[in-house]
A.B. asks: 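Quick one: structure below, then a few questions.
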Amino acid sequence: IVEKEMYTFEDRNGDSLSLRPEGTAGCVRACIQNGLLNQSTQKLWYAGPMFRHERPQKGRYRQFYQLGVEVFGLSGPDIDAELIILTARLWQRLGLAQDVRLELNTLGTSEARCAYREVLVDYFTAHQDQLDEDSQRRLHSNPLRILDSKNPEMQDLIEAAPRLQDHLDSESAEHFTRLRELLEAVGIEYRVNPRLVRGLDYYAKTVFEWVTDKLGAQGTVCAGGRFDGLVEQLGGKPTPAMGFALGMERLVALLDAQPFDETPYRPHAYLLLAGAQAEIAGLQLAEQLREALPTLRLQLHCGGGSIKSQMKKADRSGANYAMILGEEELAGQTVTVKDLRGDAPQQQLAQHELGAFLTRELALA
Ligand code: ATP
Ligand code: MG
């Protein structure tokens, strides 16, 4: 099924093992074996490590992580649009909307593609002397993939190749038109890229990729498409399916380049402890506060040291308040509270007032 860079090796018993290169085939197999496709549609997701024996470089690893989403039992362009819109919203939430753009294509039904495949094989066979080694190999195994070649010397040849668009069946053409309408209706921008073919040969109709210019040659962050034939191919009853996988490392690389606002991760309050007795009482107080105020980010000082050095750490933590628990406070069941960000005077609060004080001052939910 997969023409991926299979990570295959012999184990100690001489058994040949292959590490999974992607999640879709395994997801389909799990659905078939567990009877998930019998009555209802299924919307599933997975995440985990995948393995490919490729040349490691930035954004391309032999072990990497994918997050995948697959929908089974829906054949219309509405679910194609829905999944693409879902990914668009994800980029928006992550602040990456400006970094990625959508490329779209249709591969036609498998029948249309078979016919086109022959046209393509004829064309490339006639120009066999211009094919690089990879493409020679793909000429008969997966000729569509030649269109995907990144070899600059082959670009003219590929540019002049017959186009799938001209060999498309009407069903796929209508599906594609409707998908485009739906995306346009919600303002999702895209570019139709006739050379977008995807590496796996079980795709049909819709294929899409979210690409970026920010990661060099490893520009595809998320890729997906329709794979209506795969369930049947793996022994299930014919079931339309659509999904995508996104590469976590590439996503993280994009996020890394973003300015990062750490405010929402800083502690609200830093609890300083003076003396061995304060350690136990402080731990108890911290736990009471955490129990009572689940949204409070409280950092308890660990590691001892003078109040002066603890105060330095409190300041460096970015906390809004330093709360000091020393012998005097212990005796009086109070806490000394110092505003680290403003210039409100230091104050002593009864320990039982502390929760209400923090809730009010920090506007805790
Ligand atoms: P590419 O064209 O970059 O080789 P692919 O077509 O092989 O990608 P898919 O099989 O569609 O990739 O996998 C989905 C996503 O997983 C890719 O878009 C990419 O973000 C990520 N990915 C694929 N291979 C790797 C890898 N070796 N290292 C890190 N991420 C990867
Ligand atoms: Mg690849």
Side-chain angles (χ1 to χ4, degrees), residues 1-8 18-28 44-71 80 83-84 86-88 90-91 94 96 99-105 107 132-135 137-138 141-152 154-155 158 190-191 193 195-227 230 241-257:
I1 288 164
V2 286
E3 198 228 86
K4 283 295 172 195
E5 303 77 359
M6 274 293 188
Y7 210 121
T8 301
S18 289
L19 302 176
R20 62 178 183 189
E22 51 101 45
T24 302
C27 185
V28 169
L44 306 173
W45 72 274
Y46 56 81
M50 305 296 162
F51 304 84
R52 294 181 194 174
H53 201 275
E54 39 193 359
R55 191 169 66 79
Q57 51 198 291
K58 184 170 181 287
R60 188 175 295 287
Y61 309 102
R62 288 186 170 177
Q63 175 175 352
F64 61 98
Y65 289 75
Q66 274 186 355
L67 181 122
V69 168
E70 322 280 10
V71 176
D80 298 11
L83 284 189
I84 291 172
L86 170 75
T87 52
L90 186 61
W91 315 138
L94 292 171
L96 298 175
D99 293 343
V100 292
R101 56 174 202 278
L102 177 62
E103 304 217 321
L104 208 59
N105 194 20
L107 299 181
D132 63 12
E133 205 180 313
D134 257 357
S135 302
R137 188 170 46 78
R138 286 175 178 151
S141 65
N142 194 352
L144 262 71
R145 193 90 215 259
I146 299 177
L147 300 175
D148 194 29
S149 163
K150 276 136 202 151
N151 184 347
M154 287 186 35
Q155 297 312 307
I158 290 170
Y190 61 86
R191 184 176 81 96
N193 176 0
R195 289 177 48 185
L196 184 63
V197 294
R198 311 286 306 109
L200 305 173
D201 56 9
Y202 50 63
Y203 284 98
K205 292 186 180 159
T206 309
V207 287
F208 72 92
E209 285 191 357
W210 286 97
V211 296
T212 179
D213 299 324
K214 310 226 154 141
L215 299 179
Q218 273 51 257
T220 307
V221 179
C222 171
R226 189 160 270 290
F227 47 101
L230 185 61
M242 165 79 188
F244 66 80
L246 63 87
M248 301 288 271
E249 286 78 4
R250 293 183 194 178
L251 194 64
V252 169
L254 279 182
L255 288 171
D256 256 348

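All ligand and atom numbering here is 1-based and tracks the order in the structure.
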A.B. asks: If you measure from each heavy atom of Arg52 to ligand 1, is any distance below 4.0 Å?
C.D. replies: yes
A.B. asks: Provide the number and element of each atom of ligand 1 under 4.0 Å from a heavy atom of Tyr61.
C.D. replies: 26 (C), 27 (N), 28 (N), 29 (C)
A.B. asks: Is any side-chain heavy atom of Lys58 closer than 4.5 Å to a side-chain heavy atom of Arg250?
C.D. replies: no
A.B. asks: Calculate, to the nearest 0.5 Å, the distance between atoms CG and CG belonging to Leu251 and Leu90 respectively.
C.D. replies: 6.5 Å
A.B. asks: Got a sec, which residues hit side-chain contact (heavy atoms from CB on, under 4.5 Å) with Arg20, two or more places apart in sequence or on another chain?
C.D. replies: Pro49, Met50
A.B. asks: Hey, does the side chain of Arg195 reach the backbone of Leu147 with a donor-acceptor pair shorter than 3.5 angstrom?
C.D. replies: yes
A.B. asks: With side chains defined as the heavy atoms from C-beta onward, is the minimum distance between Val100 and Thr87 less than 4.5 Å?
C.D. replies: no
A.B. asks: Looking at ligand 1, is there an atom of it that comes within less than 4.0 Å of some heavy atom belonging to Gln218?
C.D. replies: no
A.B. asks: Using heavy atoms and a threshold below 4.0 Å, how should the contact between Asp148 and ligand 1 be classified: side chain, backbone, both, or neither?
C.D. replies: neither
A.B. asks: Give the atoms of ligand 1, by number and element, whose distance to some non-hydrogen atom of Thr220 is under 4.0 Å.
C.D. replies: 17 (C), 18 (O), 19 (C), 20 (O)
A.B. asks: At a non-hydrogen distance cut-off of under 4.0 Å, which region of Glu54 contacts ligand 1 (side chain, backbone, both, or neither)?
C.D. replies: side chain
A.B. asks: Test your reading of the structure: does Ala245 have an N or O sitting under 3.5 Å from an N or O of ligand 1?
C.D. replies: no
A.B. asks: So which heavy atom on Glu249 is nearest to which on Gln63, and how close?
C.D. replies: OE2-O, 4.4 Å
A.B. asks: When you look for heavy atoms under 4.0 Å from ligand 1, do you find them on the side chain of Gln66, its backbone, both, or neither?
C.D. replies: side chain
A.B. asks: Ligand 1 and Arg250, any nitrogen or oxygen pair closer than 3.5 angstrom?
C.D. replies: yes
A.B. asks: Is there a donor-acceptor contact under 3.5 Å from the side chain of Glu103 to the main chain of Val207?
C.D. replies: no
A.B. asks: With heavy atoms of Arg60 as the reference, note each atom of ligand 1 found under 4.0 Å away.
C.D. replies: 1 (P), 3 (O), 4 (O), 26 (C), 27 (N), 28 (N)
